[in-house]
Amino acid sequence: MKESYFPQEIEKKWQKVWEDTGAFKTPDISDKPKYFALSMFPYPSGKLHMGHVRNYTITDVIARFKKAQGFNVLHPMGWDSFGLPAENAAMKHGVDPEKWTVENIAYMTKQLKKLGLSYDWNREVTTCKPDYYKWTQWLFLQLYKKGLVYKKEAAVNWCSECATVLANEQVIDGKCWRCDHEVEKKYLSQWFVKITDYAEVLLEDLDKLEGWGDNVKTMQANWIGKSHGAIFKFPVVDAPNGEKIEVPVYTTRPDTVHGITYLVVAPEYKDIEKLTTPENKACVEEYRANARKMTEIERLSTDRVKTGVPLGTHCINPFNGEKFPLWTADYALVEYGTGAVMAVPTHDTRDFAFAKKYNLPLKVVIKPEGKDLNTAEMQEAYTEAGILTNSNEFDGMKNEEAKKAITEKAVKEGFGEFKTQYRLRDWLISRQRYWGAPIPVVYCEKCGIQPVPEDQLPVLLPKDVDFSVVGKSPITTSKTFMETTCPCCGGKAKRETDTMDTFICSSWYYLRYSDPKNDKLPFAKDKVNHWLPVDQYVGGIEHAILHLLYSRFFTKALRDIGLLDFDEPFKNLLTQGMVLKDGSKMSKSKGNTVDPDEIFENYGADTARLFILSDSPPARDFDWSDAGVEGCYKFLNRVWRLVAGNAENISLEKALNFKHNGSLKKENDDLVRVVHMAIKDITNDISNDFQFNTVISKYRELTNAIYDWCGKKSQFDDEDKEVLSFAIISLLKLMSPVAVHLTEEAWHDLGGTTSIHEEPWCEWDENLAKASSITLIVQVNGKLKDKIEADEGLSQDELKELALNSPKVKELTAGKTIVKTIVVPKKLVNIVVK
RNA sequence: GCCCUGGUGGCGGAAUCGGUAGACGCGUCGGACUUAAAAUCCGAUUGGGCGAAUAACUCAGUGCCAGUUCAAGUCUGGCCCAGGGCACCA
């Protein structure tokens, strides 16, 4: 065994051996139980960053640990390889997006291999390859057949920088999730996926996800935004052309219905023209035009002063016969509820602000118990619970009860109903871009929209496109793509030029790993049912809503289509924290990035793996420090020297057959106990929330203990050698999921002929995983006063006796009365004195 | 405004059940080895008080204020701060 640790040399060597021997291939059939460990697959942006390193190292250690524990582990990797950056590169530098993507994948693959990750590369999945996107298109058609995909004209989010539309989930604070550009509204005919059909079950099933953090679950629950309320219909009494119209509103406060003093419809409300008097028309038109021009940011800003204009018409409140005016205001959203709001200024903060501004009347209908409210004195809306007033037969009722009673009255008399409402909107999946999976439909002059027949898939991306066009999708410049024939009538037809949102591609990739080469189906049902759900999914919190919600929807939809039999894709989810440098997120613009390649080169992958796991628990943010890397490198050197320096005294055979014979020398017994404790603690720390930071501190403790033990010996007898062998081989095995190369090299140098990564996980003996004696803590009045080494088997009385005999205790209790003595077996005695 | 996390030395962070607060590491300081340096090894490292600098002793200390308890970083109530998410969703 070499005296010094040369990571670069041994890492290269073992990576090649593992690749040549197919060490990480996963058979589908095995008598072992399955375990599916998965990292969120990356976009091939060009190079790995430290966030990737952290993510993949965490999953890799989990995969290796589970394998050692006897599972048949599936641990695959792939590429989320459709998307804008490739196309932007094409526009800027004239590179073919496919070539750009393929080259990035090649480079990043090399980096992943350098990190020593145990992937089964035979199962690699690449979403931009025709053999994958054929099945993305096929799944689109299945959703279409099931009525879960539809096309409609709607006001959609448009990012002019990306020159495409976006889904609601991709608009963050009114800006594009990718480029941060302000989002505008546009009216376009677009493809939608009916995720709202699954709103209830997506919400309900969050309860089943015991292996998910509450933060992600509440974020999804908020996004789905379920609320209970009622729909009330208000007849218009003075519609300009005498038409009989009703305006339905959704409210969560039916209890306040007697306090309506006006009603607001969204500027985009479909019947708004019918509700506007000729005198008000000009004004309303102007207001609507203004609203349309506003960006999402302007419109959504909550501190903006509310504006609106009256329509000139009025409704009657069927509950009390009161007449109130109709307004339009942009605080009413056309996409939510019915697009109209009943305004009760006294009990809603927004309505209150609006009414104050436009001098609309106030009417109190809820009052706090035992108190009255005076509209003239109100400074803000009263939104708390209370008792009904000014509400006819409902007066005196508690408002929570009134919600039900009032809605029941509306149901009975035919002007309302109970209603459950969701905030979630349908998923807009059309993208006016080239580098995505083409939506497989054609437009026939005679037959209209026609899906492409399944046997004609994939609809391939054309190669003859001009990326320099502005304002339209490059795909439309192809001379070969657009013109086609109708699958129905054989006549002339045009292809759909929109491609799919890449989140579609990533909503099912984890399923494909179960059967990545299938050319008859996206995956065989038995295989997908065998491997899924994913046992442990690891990735960034930024996908808490986007990818994770879409994937849950896909799984449920595909289950209902009959392609699989489970209803949640990811059993356990670990959202890892960010990698920071000097307290802020690593980013190119801040110039505080650390290049993984440099770390591999200077210290080796084992150091990188060890460090990225060492300082923080995985779910928390991790602050990168160069000194920390250095410290980990030193530690690996220290382990190496420990093994190399004792190599001639270590026997693999003795280590593996070692049993405590019951009569070891004291210091040997102690070391064996330290090893057993380390095995127990490390195993528990990994099993319990993957606390790798404490795992690593225990590697160090064990290493320090072996060094101390060695330092006290000038020579080794047979028993010493056995114990030393056991300790060092145990250390290597415990470290093998993290320091994958070092431990493999040492294992072989010590005579191992198989791979250390094929070894079963260490086991501990409960009787040995504790110290041979106990340290009795002696307290007087709850304060630590003495520590006494004691035999474990002592009875409570004996422990008490021991404590009372402590000179220290005698001194402190002299002349005082002992009120009480508390004895905690094997641990502590507390003497209470006065 | 609502929801979720978190708050422990100079720093990252430990501490299954309420039972030795500060594991392990980083940094800093001191020492050994060396002609010297690097590497390595050993020791100290929460603050205050009293000592002569050591030891011993002692008081305080886990964001703040109360409470429960023989005993609170841990449990209960109230508050403060930081990070993240949602937010004109009626």
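Note on naming: letters A, B, ... go to the chains in the order of the sequence lines (proteins, then strands), and numbering restarts at 1 for each one. Scope of the values below: all heavy atoms of this structure, side chains included, with no hydrogens, waters or symmetry mates.
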Taking only side-chain N and O atoms of [X], does any of them lie within less than 4.0 angstrom of OP1 or OP2 on [N]?
X        : N     : result
A:Arg700 : B:A23 : no
A:Asn215 : B:G6  : no
A:Tyr336 : B:A90 : yes

Length of the [atom1]-[atom2] vector between [X] and [N], whole Å:
X        : N     : atom1 : atom2 : value
A:Lys787 : B:A21 : NZ    : C1'   : 11 Å
A:Ile706 : B:C24 : CD1   : P     : 15 Å
A:Leu580 : B:C26 : CG    : P     : 21 Å
A:Leu549 : B:G85 : CG    : C1'   : 15 Å
A:Asn222 : B:C2  : CG    : C1'   : 8 Å
A:Met677 : B:A23 : CE    : P     : 17 Å
A:Glu542 : B:G84 : CD    : C1'   : 12 Å

Atom pairs, N/O to N/O, protein against nucleotides 41-50 of chain B, distance under 3.5 Å?
{"unit_1": "B:C41", "atom_1": "OP1", "unit_2": "A:Arg638", "atom_2": "NH1", "d": "2.5"}

Identify whether the distance between the nearest side-chain nitrogen and carboxylate oxygen of [X] and [Y] falls below 4.0 Å.
X        : Y        : value
A:Lys226 : A:Glu200 : yes
A:Glu417 : A:Lys233 : no
A:Lys698 : A:Asp685 : yes

Could you tell me whether [X] contacts a base, only the sugar-phosphate backbone, or nothing, with contacts defined as non-hydrogen atoms closer than 4.0 Å?
X        : result
A:Asp351 : nothing
A:Thr251 : sugar-phosphate
A:Lys634 : sugar-phosphate
A:Lys808 : sugar-phosphate
A:Ser227 : sugar-phosphate
A:Ala343 : nothing

- Of A:Ile696, A:Asp606, A:Val639, which meets side chain to side chain contact (heavy atoms under 4.5 Å, CB included) against A:Met735?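 It is A:Val639, the one option of A:Ile696, A:Asp606, A:Val639 that forms the side chain to side chain contact (heavy atoms under 4.5 Å, CB included) with A:Met735.
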
- Between A:Trp212 and A:Asp214, a side-chain donor and acceptor under 3.5 Å: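 No, no side-chain donor-acceptor contact under 3.5 Å.
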
- Task: On RNA chain B, check which nucleotide each of A:Lys783 and A:Val216 is closest to and give me the residue with the more 5' one.
- Result: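 Here A:Val216 is the residue nearer the 5' end.
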
- Item | First of A:Thr218 and A:Gly339 reached from the 5' end of RNA chain B, by closest nucleotide |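 Closest to the 5' end, via its nearest nucleotide, is A:Thr218.
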
- Query: For the residue pair A:Phe234 and A:Val249, what are the closest heavy atoms and their distance?
  - Reply: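 The pair with the smallest heavy-atom distance is CE1-CG2, 3.5 Å.
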
- Task: Check whether any side-chain heavy atom of A:Thr328 sits under 4.5 Å from a side-chain heavy atom of A:Val309, and report yes or no.
- Result: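 The answer is yes; the side chains approach within 4.5 Å.
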
- Task: Just need the stems in RNA chain B: three or more back-to-back Watson-Crick or G-U pairs, each with both distances under 3.5 angstrom, sorted by first number.
- Result: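 RNA chain B forms these stems: B:1-7 with B:80-86, B:10-12 with B:24-26, B:27-32 with B:40-45, B:46-49 with B:57-60, B:63-67 with B:75-79.
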
- Under 30°, 30 to 60°, or over 60°: which ring-plane class applies to A:Tyr603 and A:Tyr633, parallel, tilted or perpendicular?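 Correct class here is perpendicular.
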
- Task: Starting at the 5' end of nucleotides 11-19 of chain B, put B wherever the base has a protein heavy atom under 4.0 Å, S where only the sugar-phosphate does, and a dash everywhere else.
- Result: -SSSS---B

